[in-house]
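What follows is one structure encoded as structure tokens, with my remarks underneath.
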Amino acid sequence: MLSRAACSTSRRLVPALGALGSRQKHSLPDLPYDYGALEPHINAQIMQLHHSKHHAAYVNNLNVAEEKYREALEKGDVTAQIALQPALKFNGGGHINHSIFWTNLSPNGGGEPKGELLEAIKRDFGSFAKFKEKLTAVSVGVQGSGWGWLGFSKEQGRLQIAACSNQDPLQGTTGLIPLLGIDVWEHAYYLQYKNVRPDYLKAIWNVINWENVTARYTACSK
């Protein structure tokens, strides 16, 4: 079960910039399953490259950007601080997004959620089928690279679907708390599904970890 810290993923992974001087470096999280565990829906080669190369690059580049930002803070170099913002956003977002994504997937996933989350989905989207159709359509429609998200609005007390470009983090750019993220960068599916994103999105529903998504919802909706 996730703690209430799940509601502030971005704050946990990316510390306040003013505290960079004493921060711990970010590290690549272990997957909670083997690279081949999601087959046939996502093959082992994709998972290995996605995790050990792409996510690792975001982590490494985030650490470099934060170190440069720390130096700019110490020097009072505001111009350098501003120039580093895109790198912090892109690589920090990549680290946040993928850290959620891996836990949103499971070899024992698929089907439908239960309990509170299912009732909330029915309330806010009409039915699970309508929710699935809408999130799939939003994810298919992302132009270029990005993510499709199911998020929770604390202000409205409702579930919402959103798309983010590139590695923009959901909470940091929309205020929605991330519950379920679907990576639609080509590196997430191209080796298996080529350029047919809809086939990848059809397959990924078979490995969605609804226990994890429900735990995130429960932690943030109280």
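Note that the coordinates shown come from a computational prediction; the quantities given were computed from them, not determined experimentally.
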Checklist entry - Does the separation of the ring centres of His26 and His95 fall below 6.0 angstrom? => result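 His26 vs His95: aromatic centres under 6.0 Å.
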
ILVMFWY cluster, [X] and [Y] together (side-chain gap under 4.5 Å):
X: Leu191; Y: Leu201; answer: yes
X: Phe152; Y: Ile208; answer: yes
X: Leu28; Y: Ile100; answer: no
X: Met47; Y: Val184; answer: yes

Atom [atom1] of [X] and atom [atom2] of [Y]: how far apart are they, to the nearest 0.5 Å?
X: Ile161; Y: Ile182; atom1: CD1; atom2: CD1; result: 9.0 Å
X: Asn104; Y: Asn212; atom1: CG; atom2: CG; result: 5.0 Å
X: Gln81; Y: Leu73; atom1: CD; atom2: CG; result: 4.5 Å
X: Ile177; Y: Leu170; atom1: CD1; atom2: CG; result: 9.5 Å
X: Asn195; Y: Tyr190; atom1: CG; atom2: OH; result: 5.5 Å
X: Arg216; Y: Asn209; atom1: CZ; atom2: CG; result: 9.5 Å

Checklist entry - Should Lys89 and Gln85 be marked as a side chain to side chain contact (heavy atoms under 4.5 Å, CB included) after you check the CA-CA gap, both sets of side-chain angles, and the distance that decides it? => result CA-CA 6 Å; Lys89 181 180 180 181; Gln85 292 300 315; over 6 Å; no

Of all residues at least two apart in sequence or in a different chain, which pass the side chain to side chain donor-acceptor pair (under 3.5 Å) check with [X]?
X: Thr136; answer: Trp205
X: Asn91; answer: none
X: His51; answer: Tyr35
X: Tyr189; answer: Arg197

Checklist entry - Which other residues belong to the hydrophobic cluster containing Val78, where Ile, Leu, Val, Met, Phe, Trp and Tyr are joined when side-chain heavy atoms lie under 4.5 Å apart, directly or via other members? => result Ile82

Is any side-chain heavy atom of [X] closer than 4.5 Å to a side-chain heavy atom of [Y]?
X: Val207; Y: Tyr33; value: no
X: Glu116; Y: Thr218; value: yes
X: Thr214; Y: Lys114; value: no
X: Phe101; Y: His55; value: no

Checklist entry - Between His50 and Trp185, do the side chains contain an N or O donor and an N or O acceptor separated by less than 3.5 Å? => result no

Item to check | side-chain hydrogen bond (donor to acceptor under 3.5 Å, both in side chains) pairs, two or more places apart, involving residues 157-170 | outcome: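 Listed once each, the pairs are Tyr58-Gln167, Asn97-Gln167, Asp124-Arg158, Trp147-Gln167, Gln156-Gln160.
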
Heavy-atom closest pair, residues [X] and [Y]:
X: Leu159; Y: Leu117; value: CD1-CD1, 4.3 Å
X: Tyr193; Y: Ala203; value: OH-CB, 3.1 Å
X: Ala120; Y: Tyr217; value: CB-OH, 3.4 Å
X: Cys164; Y: Thr173; value: SG-OG1, 3.9 Å
X: Pro169; Y: Gly93; value: CD-CA, 4.1 Å
X: Leu38; Y: Pro107; value: CD2-N, 3.5 Å

Next on the checklist: Under a 4.0 Å threshold between the charged nitrogen and the carboxylate oxygen, would Glu74 count as salt-bridged to Arg70?
Outcome noted: yes

Item to check | Qualifying residues under salt bridge (Lys or Arg N to Asp or Glu O under 4.0 Å), relative to Glu112, sequence neighbours excluded | outcome: none

Item to check | Sequence neighbours excluded, every pair satisfying salt bridge (Lys or Arg N to Asp or Glu O under 4.0 Å) that has a member inside residues 48-57 | outcome: none

Checklist outcome for this item: residues 28-41 vs salt bridge (Lys or Arg N to Asp or Glu O under 4.0 Å), sequence neighbours excluded, gives none

Checklist entry - For Phe128, what residues pass the ring-ring contact (aromatic ring centres under 6.0 Å, His included) criterion, not counting sequence neighbours? => result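 ring-ring contact (aromatic ring centres under 6.0 Å, His included) list for Phe128, sorted by chain: Phe131, Trp210.
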
Item to check | ring-ring contact (aromatic ring centres under 6.0 Å, His included) partners of His41, counting only residues at least two apart | outcome: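 Partners of His41 under the ring-ring contact (aromatic ring centres under 6.0 Å, His included) test: none.
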
Checklist entry - side chain to side chain contact (heavy atoms under 4.5 Å, CB included) between Leu176 and Gln171: does it pass, once the steps are laid out? => result CA-CA 5 Å; Leu176 297 175; Gln171 190 169 3; over 6 Å; no

For residues 137-146, run the donor-acceptor check on the side chains, cut-off 3.5 Å, and write out each pair with its distance to 0.1 Å, sequence neighbours left out.
residue, atom, partner, partner atom, Å
Ser139, OG, Leu135, O, 2.8

